[in-house]
Structures are given as C-alpha cells and as structure tokens.
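Along the sequence shown, residues are numbered consecutively beginning with 1.
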Amino acid sequence: MELPNMLGSRDPLFLTGVTFPPEYPASPETLVKLTVYDVRDKARDNSSFLGSATFSVSDLLRSKDDQLTLNLRSSDGVLAVGTVLVSRVNMGEMEEGDVDHITADVQQAQKCTLVCESSQATPNDKDNSPLTGAVFKNPVCKVYKFQTVDSKWMLVREQMEECTLSFSIPRQLLHLYIQEDMRRIQELRDLGELSPHWDNLRKEVIGRYGQVIAAYQETLAELNKITGPSFKPSCSKAQRYLEFIPINLHTQRMRVTCPRQTDAFYDVITVGAPAAHFQGFKGGGLQRLLSRHEAEKKSFSTAYQCIYYSPEHTAKAQEVLHSVGHLQPLISGLADQLLQAAQQHSMAGLREALKTLAGKTEQFVHALKDELVKSALLALHAAQPSYVTKNQNQTLPGHQGHSHQDHPSPSQRGQQGQSPPQNPGHSPGQPSATDSPVVVCNNVDGGSQTAPIREDGQTPLKRQDSIPCHKEYDEEEWDRVWADVAKSLNCVIAMVDKLQEQEPISNNQEQPIPKQVLADVITSHNPEGDWREQLCPLVVRLKECVAEVVVRARRAMTFVLLQEAACSIPQGLFLKQRRDVVFSQALAALACGFVMRLYAGMEDKGFLRQLHLVGLVAQFESLLSTYSEEIGMLEDMEVGISDLHRVAFKITQAKTDDPCDLQPVVIGRREHYTVEVPLPRLAFQMLPHEIKEGKALQVYPVLFNVGINEQQTIADRFGDISLQERINQRNFEILDSYYKSLSDKVPSECLPCFQTRTDLKDLLGTLGQNVVTKKRKNVEILWLAGTICRRLNGIRFTSCKSAKDRTSMSVTLEQCALLRDEHQLNKDYFIRALDCMRSRLTQGEVVCQWDSDPEAACSVAENKPASRHFYPIALLLVSSHLLVVWLILSLVFLLAKYQ
C-alpha cells in the first residue's frame with residue numbers, strides 16, 4: 001500500500017492515518033508497505049525514491065510498547081538507507097509525554113511520523129461507533145502532532161466521511177413529490193363538471209403535472225440503480241439524473257487530544273452550493289425568477305380570465321387542504337373511540353375520548369373559518385355550466401380595468417372562456433365596488449333567496465356529488481354547513497353529560513330520573529338504554545357533517561390551486577421543479593448535519609434540553625461570489641436555505657438495531673416536511689421525556705455569504721453586491737431572534753464552554769455592525785457567524801461552488817484558528833500547522849483562492865499563510881493598471897521567446 005507523498009523536512013512532525021476501505025478490511029495478516037520519497041519540488045512532481053519497508057498488522061499489535069522500528073531498503077532490497085519508527089496510538093488514551101519521542105530519522109534531518117489506523121471501529125473510537133456507521137461511511141483519517149505554548153504536544157485527528165443521506169433523502173423526496181402531484185391530479189378531476197373554458201385549463205394543468213411526474217419517476221428509477229460511493233463528485237453536477245443530489249456532501253470532524261484535558265471535537269459539514277446546476281443560470285437563480293414570475297402573474301390572470309391569488313392565499317389553500325385531509329380521519333377515529341367507550345360503559349374513557357374529539361373538531365372548524373373558502377366556493381359555483389344557463393339573460397359589470405359590457409352568450413363564453421364573478425386583479429376575501437349584485441356576499445335583502453330546508457337533526461345528511469347550483473347562490477349556506485359541525489359536537493357533549501348524570505341512577509332504580517334539556521336536534525332517548533345506542537345517531541351525524549364540509553372545502557381550495565396553476569403555465573411548474581431540486585440538496589445537507597450533531601450530543605443533557613425547548617441553529621457559510629453565474633447559484637441557495645424553515649425533526653425508536661432501520665425517514669408535503677431520526681432502543685431511552693413523546697424539533701437555518709475569490713474582486717469594483725448585503729442582514733435578524741428566544745428559555749449553563757470568554761451578546765453586536773458596514777471581502781462576518789454558531793451548539797456548514805478549493809481553505813483556516821484559540825497552539829507553529837493540513841488537499845493541483853487576495857480570510861489571524869499560496873494573477877486583478885502592465889510584459893516576453 002503506497003502512502004501519499006509527505007514533506008519530510010516539515011516541522012512540526014505530523015502523523016498520517018492509513019485507511020482500510022470496507023471492501024478490503026484489515027486483519028492481523030494484512031501487510032502494509034511504506035514507501036518514502038525525497039520531495040524536491042512538489043509542484044513539478046520532482047521527487048526521488050529513498051526506500052521502502054513492509055510490516056504486518058499483527059507485528060504492530062504484538063510489538064513492545066506498540067512500536068516497530070523498520071529499516072528502509074533500496075529498490076533492490078540490499079542497502080539500508082535509513083529507519084522509520086511506526087507507532088500505534090489510541091486517540092483519547094494519550095498521556096503526557098507519550099508522543100514526545102515519536103520520531104523517525106530518514107536521511108539527514110528529515111523526519112516523518114506515521115501512525116497506522118484501521119477504519120474498523122474500536123471500543124475507544126467514538127467516531128466510528130455502530131450508531132454512526134449506519135449513516136456515515138468510508139472514513140478517511142489523518143493525524144497530526146503539534147506543539148502547544150507550554151512545549152507540550154497535542155494530537156489532532158481529522159476524519160472525513162461520506163453520508164448515506166446524500167442519496168436516501170433525495171430518493172424519499174422524489175417519492176413524496178410524485179405522490180403529492182398525483183393527489184393533486186385526482187383532486188382536479190374531483191372538481192366535477194366545469195364550463196368548457198375551465199375544463200380546458202384543467203386538462204392543460206393535469207397534462208403539465210403528468211409531465212413532471214413522468215420526469216420524476218424516470219429520475220427516481222435511475223437513482224435506484226446507482227451503487228458505490230455515497231456522494232456526488234463535482235464533475236457530475238451537470239448530470240440530469242443527479243440534479244437532486246448534493247455535491248460533495250461530506251462530514252469532517254477534528255478531534256483534539258491534549259495532556260490533562262478532555263478530548264474536544266469540532267464538526268463541520270462541507271457541501272457544494274444547493275443550486276440547479278443542470279438547469280443553468282442564464283436567467284438568474286430562484287430568488288430573481290420567483291420575483292419576476294410573481295410580478296407577471298397578474299397579467300396572466302387577466303389573460304386566462306382567472307382570479308389573481310397572492311402567494312399567501314395559495315399557501316392558505318394548501319394549508320386548508322392539508323388540514324382537512326389530516327383532521328377528518330382523526331375525528332372519525334376519535335368518534336369511533338367514543339362509541340367504543342360508550343359500549344363498555346367506561347365513563348372515564350368516554351370523557352377522555354370526548355375531550356380529544358372536541359379539541360380536534362374545534363381545530364377543524366377554526367381551519368375552515370376563512371373568507372378564502374367562501375370566495376372560492378362562489379368562484380367554483382360560477383365556473384360550472386349551469387351558472388351560465390341560469391344567468392345568461394342577466395348582465396354583469398365588467399372586470400376591473402375594463403368597460404362595462406353585456407354578459408356574453410353561451411357561444412361567446414365558449415370562445416372567451418368562463419369568467420368568475422370576481423375581480424381578476426382583486427384579492428379574495430376583500431369587498432370590491434365593481435362586484436356583481438348577483439354575487440355580493442352577505443346579501444341583506446334576502447327576499448328572493450331562501451335557504452334550503454334542512455332535515456331533522458336525527459336524520460343523516462345526504463351526501464352530494466357536487467355543490468348545488470342555485471339561481472342566485474346563497475353564500476350564507478357555507479356558514480351554515482361548517483356551523484353544523486359545531487352544533488353536532490355540542491349535541492354529543494350534551495349527551496355525554498346526560499349519560500354521566502344517569503350513571504349513579506342506573507345502580508339505584510328507586511331514585512327519580514331527572515329531566516335533562518338537550519339541543520333542539522335531540523328529541524328523546526331511553527335513559528335506561530345502552531349508551532352506544534344513544535350516542536350513535538349523534539356521532540354519525542357529526543361524522544357526516546364533517547365529511548360534507550371536507551368535500552366542499554377540498555373542491556374550493558383545489559379550484560384556487562387550479563387558477564394559480566393556470567396562470568403559471570408553463571413557467572410556474574418549471575420554477576416548482578427548480579425549487580424541488582434545490583430544496584432536495586439543502587435538506588440532504590441539513591439532515592446530515594442534524595444527525596451528526598445529535599449523535600455527538602446524546603450524553604449532553606444541556607444540549608438535549610436546548611434541542612426540545614428552542615431548537616438548533618444551522619449556519620450555512622457560503623463563499624460564492626456575486627459575479628457571473630455564481631449570482632444565480634447564490635439566488636438558488638438563498639431560496640433553498642430559506643425553505644428549510646418548513647422542516648422539523650422527530651426522534652423515534654428504531655424497530656431493530658439493524659443499520660437499515662436507523663436510516664432517517666422523510667414524511668410530509670412541500671409546505672411542511674418532518675424528518676424522523678430513529679435511534680436504537682437503549683439510546684432512545686436516554687432522551688428527555690418531551691423528545692420521546694414525539695415533540696417536533698425545530699431548526700433555524702441562516703445563511704451568510706462573503707465572496708473571496710478574484711471574481712469577487714471584480715464584483716466589488718465594477719459589479720453589484722446588494723444581494724450579498726441583503727442576505728447577510730436578513731439572516732442576522734434571524735440569528736439574533738433565535739438568540740433572544742434561547743436566552744429566555746434555556747440557561748447559559750446548557751451552552752458549551754470555550755477558552756475565549758467573549759460574551760455572546762457582544763459577538764452578535766459586532767456581527768450586526770459588520771453586516772451593515774461597507775467593506776470589501778469582509779470575512780470577519782464569516783468568522784463571527786461561525787464562532788456564534790459553535791457557541792450556540794449549532795450545526796456548521798461550509799459551501800462554495802463545488803465544496804473543493806475555497807471550502808477546504810476555509811475549513812483548514814478555521815481548524816488552525818480553533819487550535820490556536822482553544823488549545824494554545826504555539827504561535828510559531830500556526831503557519832506550519834496550516835501547511836500540514838493543506839499539504840495534500842489538492843494532490844499537486846493548484847491551491848484554491850481562499851488566500852488569493854490580501855483582503856481575504858487571513859485577516860482573521862495575525863499569522864498569515866505562506867506566500868507560496870498566493871496567486872500573482874489575483875493580486876494583479878486588484879488594480880486594473882497593474883493588470884494592463886502585466887499583459888504588456890507577458891506579450892513582450894512571448895514575442896522575445898519565440899523570436
């Protein structure tokens with residue numbers, strides 16, 4: 001096994017971990033070959049072979065003091081060119097002075113330290129426990145040794161892993177997307193008969209939904225075929241079937257072991273910017289596309305003769321649809337429980353079931369008490385064919401923005417389309433001076449309109465296949481329909497009260513039977529009869545009233561969504577697909593970070609208390625520039641991170657300890673998703689009662705962006721950075737609001753302790769000043785936001801275009817700063833530690849741009865990285881004059897060279 005090249009002349013000494021991949025597990029018989037090179041010029045791959053040595057894992061395990069001294073042999077195996085000392089180190093068990101002598105001389109003054117570590121889990125290896133092994137795979141480990149200010153030595157272990165959620169979360173989301181769109185198609189078909197205009201629009205919308213479903217099914221089928229690594233490399237970011245998968249999603253943990261100190265670890269999730277890379281960014285990103293589309297919808301509504309519904313109304317319609325679909329089966333089930341308790345003559349069970357039933361029914365009635373439902377029912381009534389035939393001789397005022405004209409004939413409506421009797425540019429639920437007298441809400445005359453006579457309360461309601469079309473629509477009928485639900489519930493409550501009063505009487509027949517006055521619908525009951533027989537008619541009526549309301553409300557809200565979709569074709573569905581793609585990538589990253597943070601904090605009672613009382617903050621650090629196509633990426637990322645506010649987490653108990661049963665599960669719909677994280681039984685029992693009861697755990701995502709490459713230099717001088725400024729200011733407000741909520745509910749003792757004693761309130765104040773300060777490449781924003789996130793027990797994410805160069809430079813700089821501030825890394829070793837961590841990041845390729853500008857992140861530390869990391873061309877871009885001079889000199893040099 002050949003190890004990567006190591007700069008042996010570097011000091012401090014550092015260790016290199018050897019990872020055994022799962023397909024080649026290590027055993028005592030495993031042979032390890034060490035090859036040492038003298039690296040003269042790494043950039044040009046100028047190196048010479050020094051020697052090699054071979055040993056077995058069993059030799060190392062049986063060796064005295066866990067050390068092996070090996071002779072390096074030349075290529076012919078004859079000459080001994082030096083020695084190398086191989087040591088086995090158990091992280092977390094190091095005592096003071098144990099590593100002071102871990103050195104090996106390889107030629108003159110060349111030193112190289114190596115530790116062999118298997119990726120197999122060990123009893124003392126918390127980073128590779130069976131719990132984490134279910135979600136995190138293929139660990140890659142590197143270990144370093146650095147000196148502290150008191151001349152002691154610390155061991156620093158970096159472990160990077162893939163996450164299975166990179167593919168499992170998008171697969172589950174695609175399945176949910178398909179199910180939701182198929183339900184929407186069925187709801188559109190259940191609207192019943194519509195006028196030709198609306199029927200044609202419905203067919204067109206159903207056709208568009210069918211295309212989206214077919215595309216998603218095809219993508220899901222391709223994803224199910226994929227096996228192998230659990231991440232998508234950056235070279236695949238433009239592949240269509242992988243567009244839902246996040247780019248380069250990895251976890252990285254730095255564990256620090258110091259003498260006489262408890263081990264500390266620092267986690268960060270690295271991921272490429274959640275964006276629709278396959279669809280491109282020619283028209284901008286989601287933020288710009290959605291704003292433009294919303295501005296155009298009003299004109300579309302006029303062209304399609306639809307009512308314009310704002311995003312708030314559309315969201316309300318979707319919420320009502322979800323509420324009625326969720327609450328109806330609950331109410332039906334609770335009603336059955338009530339009857340079962342009545343059959344068993346269990347008064348305690350009866351009262352408990354009634355209490356829950358009343359709560360859910362009141363919630364159901366409250367969800368439907370909205371003017372949007374009433375106005376949508378009126379619009380749906382007007383869109384039915386019978387509305388035209390019964391009102392064709394009447395005249396209606398024109399829509400807003402048009403002159404008054406006669407009501408068109410049926411043939412003319414077939415050509416022009418059926419227009420609902422509501423202002424197309426007018427939001428539902430608001431009165432308008434131009435509305436038709438025929439459709440005025442709350443008609444005060446009421447002389448010519450009478451409500452249909454309802455049957456007696458004992459008689460079940462007759463289900464109707466469609467909303468009745470009266471000559472003049474009685475808008476108050478909807479109020480009566482959903483009010484009947486409340487009346488039916490009152491009847492059930494009154495009957496249970498009566499049964500409770502009769503309970504002691506049944507045991508003593510000599511006592512007189514008291515008279516009980518019930519609601520009007522309750523006529524007479526046999527007090528000595530069975531409880532179930534007395535409750536059954538009332539419960540059945542309640543269920544039928546609820547069903548009748550559900551049918552009407554579902555059709556009304558579906559008609560709202562039909563109009564919204566009709567006005568949005570085809571751009572609206574295209575934007576929905578793009579939003580689905582971006583959200584899928586963002587949710588996969590968030591779920592990965594949440595699971596990693598949860599596993600790390602299982603034994604931290606303060607963290608668990610914070611988790612269920614307030615929730616966690618998830619801080620996304622973005623290094624995208626506000627120039628060229630990265631503007632579109634940032635606009636996509638902004639919307640994707642914002643959509644994560646619709647996500648909650650729940651912790652459940654796994655059925656078994658099998659890794660398949662420990663995979664997180666996503667449930668819900670586009671407006672709200674819940675990620676269920678299963679834990680083994682023993683781990684689940686350690687959780688607080690509130691979490692075990694299934695309380696929804698909130699996550700507050702925030703995004704801070706500072707471009708740091710040469711493209712950002714151009715944007716700062718000649719472009720527009722208002723997008724970046726707006727994002728930082730808006731997310732600072734979210735972070736500040738979270739801190740205030742946390743301060744009110746969680747004591748400061750629950751938060752982690754750090755060596756730096758700066759008050760969180762002061763850090764937030766400094767961050768607030770920086771986000772409003774006009775300063776180029778103000779990376780202090782990223783540093784402060786990351787520090788605050790760690791102090792708040794939050795989840796840290798770092799992103800750039802592909803999570804490679806800029807991301808790796810940011811992570812390594814942050815890690816070295818943490819070693820300096822929290823673990824007393826020797827000041828003289830800061831640059832060397834940074835070089836060690838970055839020495840093999842690019843494997844000989846060009847180093848990233850994190851340090852390419854003097855104004856970049858090096859400003860957060862006094863010790864700036866070595867000058868060999870800087871790009872001369874990036875420095876020239878700072879000044880256009882220097883760039884012109886450089887171009888002229890380059891041209892002269894080329895001409896002289898070829899002449």
Open item on the list: On a heavy-atom basis, which atom in T626 and which in Q712 lie closest, and how many Å separate them?
Closed with: N-OE1, 2.8 Å
TODO: Decide side chain to side chain donor-acceptor pair (under 3.5 Å) for N138 and E162; before the verdict, give the C-alpha distance in whole Å, the side-chain angles of both, and the deciding distance to 0.1 Å.
DONE: CA-CA 6 Å; N138 302 330; E162 302 169 11; 3.0 Å; yes
- [ ] Can you spot which of Q815, E161, Q159 makes a side-chain contact (heavy atoms from CB on, under 4.5 Å) with Q252?
- [x]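 The passing option is Q815.
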Task: Passing candidate, side-chain contact (heavy atoms from CB on, under 4.5 Å) with T766, options N770, L763, L764 - done: N770
Ionic contact status for [Y] with [X], cut-off 4.0 Å:
X    : Y    : answer
K775 : E780 : no
E629 : K282 : no
R806 : E630 : yes

Is the ring centre of [X] less than 6.0 Å from the ring centre of [Y]?
X    : Y    : result
F146 : Y829 : no
F583 : Y673 : yes
F136 : H250 : no

Open item on the list: Under 3.5 Å, is there a donor on one side chain and an acceptor on the other for R597 and N793?
Closed with: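 Yes, a side-chain donor-acceptor pair sits under 3.5 Å.
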Expected output: side-chain [X] to main-chain [Y] donor-acceptor under 3.5 Å:
X    : Y    : value
E635 : Q287 : no
T270 : A803 : no
N728 : V771 : no

TODO: Measure the CZ-CD1 distance between F167 and I245 for me, rounded to the nearest 0.5 Å.
DONE: 5.0 Å
Open item on the list: For R730, is the CZ atom crowded, meaning more than 12 foreign heavy atoms sit under 6.0 Å from it?
Closed with: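 12 or below, so no.
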- [ ] Please work out whether the ring planes of Y700 and Y738 are parallel, tilted or perpendicular, with thresholds of 30° and 60°.
- [x]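 Judged by the thresholds at 30° and 60°, the geometry between Y700 and Y738 is tilted.
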Task: CA sep, side-chain torsions, deciding dist, call: S234, K801, side chain to side chain donor-acceptor pair (under 3.5 Å) - done: CA-CA 9 Å; S234 59; K801 180 178 180 180; over 6 Å; no
Open item on the list: Please evaluate residues Y144 and E158 with respect to the criterion side chain to side chain donor-acceptor pair (under 3.5 Å), reporting the C-alpha separation (whole Å), side-chain torsions for both, the decisive distance (0.1 Å), and the verdict.
Closed with: CA-CA 8 Å; Y144 310 95; E158 285 183 303; 3.0 Å; yes
Open item on the list: A589: which residues meet the side-chain contact (heavy atoms from CB on, under 4.5 Å) condition with it, sequence neighbours left out?
Closed with: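 Scan of A589 (side-chain contact (heavy atoms from CB on, under 4.5 Å), adjacent residues dropped) gives L249, V271, F797.
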- [ ] Determine, stepwise, if the pair Q711 / S628 fulfils side chain to side chain donor-acceptor pair (under 3.5 Å).
- [x] CA-CA 8 Å; Q711 289 186 334; S628 187; 5.2 Å; no
